[in-house]
Amino acid sequence: MILGVDHIAIAVKNLDEAIEKYRKLLGIEPEKVEEVPQEKVKIAMFNVGGVRIELLQGLSPDSSVSKFIEKRGEGIHHIALRVDDVVKEAERLSKEGFKVLYSEARVVSGGERKINFIHPKTACGVLLEIVERLGGSHE
Ligand code: CMX
């Protein structure tokens, strides 16, 4: 079941510079800055009145985020939908004809989140992440 929007992610060339920019723009500090090696990205998460904005930079040229920036430049990279059960939701979406990207959901952020993705070609040009918050990290 889809529970809501978890975050909106923006691909950036330089995370430190982007954090400075968004710190000024939003007037708040990021609630989290971390590397997600499984996804070859580093991220900063801002909580904007309950809506999260994630800035993400590729960790290497072969990262999907680096490739995205090379092709399209900086910009909105994906929208993440919070779900109660990422495996069940991936199965449901697959049956509905959406292309699920990972054959197995990935656990990231030290066991905090379990994620999968829906290919943008099957979702009106938007890459969708589905996120299950594990172990009580529902906020
Ligand atoms: N949003 C919308 N469209 C996108 C896109 C995105 N983020 N990334 C690629 N596309 C489009 C491309 O423009 C291209 O379209 P055209 O064929 O019309 O030119 C098409 O999808 C294929 O693009 P590609 O450059 O060949 O890219 P790949 O197929 O190699 O990879 C994708 C695309 C979505 C499969 C890959 O990015 C992926 O597996 N993403 C999931 C993982 C991920 O993004 N991880 C980083 C974030 C992790 C996190 O936040 O924790």
Side-chain angles (χ1 to χ4, degrees):
M1 187 197 303
I2 307 274
L3 302 175
V5 173
D6 189 88
H7 62 268
I8 297 163
I10 301 173
V12 303
K13 285 184 186 157
N14 182 308
L15 187 65
D16 292 335
E17 287 175 17
I19 288 173
E20 273 315 301
K21 198 169 274 185
Y22 271 74
R23 193 181 259 142
K24 280 187 210 150
L25 195 155
L26 300 170
I28 52 174
E29 296 295 318
E31 63 181 10
K32 183 191 279 186
V33 179
E34 69 174 358
E35 287 197 2
V36 185
Q38 299 96 323
E39 292 298 322
K40 299 183 181 166
V41 292
K42 50 182 179 176
I43 67 168
M45 196 69 91
F46 288 88
N47 186 340
V48 191
V51 177
R52 288 192 170 81
I53 293 181
E54 177 185 84
L55 304 176
L56 73 165
Q57 180 194 332
L59 282 173
S60 57
D62 68 332
S63 153
S64 54
V65 172
S66 308
K67 287 197 243 164
F68 173 92
I69 288 183
E70 199 178 311
K71 215 168 171 181
R72 298 180 166 211
E74 292 181 313
I76 292 187
H77 182 263
H78 65 266
I79 295 175
L81 300 172
R82 179 126 17 132
V83 300
D84 59 344
D85 183 324
V86 77
V87 174
K88 278 194 187 149
E89 207 53 32
E91 276 171 19
R92 182 184 75 81
L93 292 170
S94 184
K95 279 189 195 138
E96 293 285 358
F98 297 94
K99 185 176 174 191
V100 176
L101 285 172
Y102 299 156
S103 53
E104 277 188 25
R106 293 183 181 172
V107 175
V108 298
S109 295
E112 199 179 272
R113 295 179 289 136
K114 200 169 179 183
I115 63 172
N116 207 329
F117 289 87
I118 308 300
H119 198 287
K121 290 286 176 199
T122 62
C124 303
V126 177
L127 175 62
L128 296 176
E129 180 180 353
I130 48 175
V131 190
E132 178 183 343
R133 299 261 165 194
L134 302 171
S137 62
H138 297 294
E139 262 321 299

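Atoms considered below: every heavy atom in the structure, side chains included; atoms not considered: hydrogens, waters and symmetry mates. Bear in mind that the values here come from a model prediction, so they are computed numbers and not experimental data. Indexing begins at 1, ligand by ligand and atom by atom, following the structure's order.
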Given [options], which one has a non-hydrogen atom that is nearest to [atom]?
| atom | options | answer |
| --- | --- | --- |
| atom 20 (C) of ligand 1 | Lys121, Glu129, Glu39, His78 | Lys121 |
| atom 36 (C) of ligand 1 | Ser64, Gly75, Cys124 | Ser64 |
| atom 10 (N) of ligand 1 | Ser66, Ala11, Ser109, Pro120 | Pro120 |

| query | Between Glu91 and Lys88, is the closest basic N to carboxylate O distance under 4.0 Å? | reply |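 Between Glu91 and Lys88 there is no salt bridge, as every charged N stays at least 4.0 Å from the carboxylate O atoms.
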| field | Protein non-hydrogen atom found under 4.0 Å from atom 28 (P) of ligand 1 | value |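 Protein heavy atoms within 4.0 Å of atom 28 (P) of ligand 1 - there are none.
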| said: Tell me whether atom 33 (C) of ligand 1 lies less than 4.0 Å from at least one protein heavy-atom position. | reply: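 When distances to the protein are checked, atom 33 (C) of ligand 1 has no heavy atom within 4.0 Å.
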| Is the number of heavy atoms from other residues, nucleotides or ligands under 6.0 Å of Ile2 CD1 greater than 12? |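 More than 12 within 6.0 Å, yes.
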| said: I'd like to know if Ala9 contacts ligand 1, where contact means a heavy-atom distance under 4.0 Å to any ligand atom. | reply: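 No.
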Ligand 1 atoms in contact with [X] (distance to a heavy atom under 4.0 Å):
| X | answer |
| --- | --- |
| Leu56 | 47 (C), 50 (O) |
| His77 | 1 (N), 6 (C), 7 (N), 44 (O) |
| His119 | 35 (C) |

| request: For ligand 1, indicate whether the residue Lys40 contacts it via side chain, backbone, both or neither (heavy-atom separation under 4.0 Å). | output: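 No part of Lys40 is near ligand 1 at this cut-off.
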| query | Do Ile53 and Asn47 come close enough that some side-chain heavy atom pair is under 4.5 Å? | reply |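 Ile53 vs Asn47: side chains apart.
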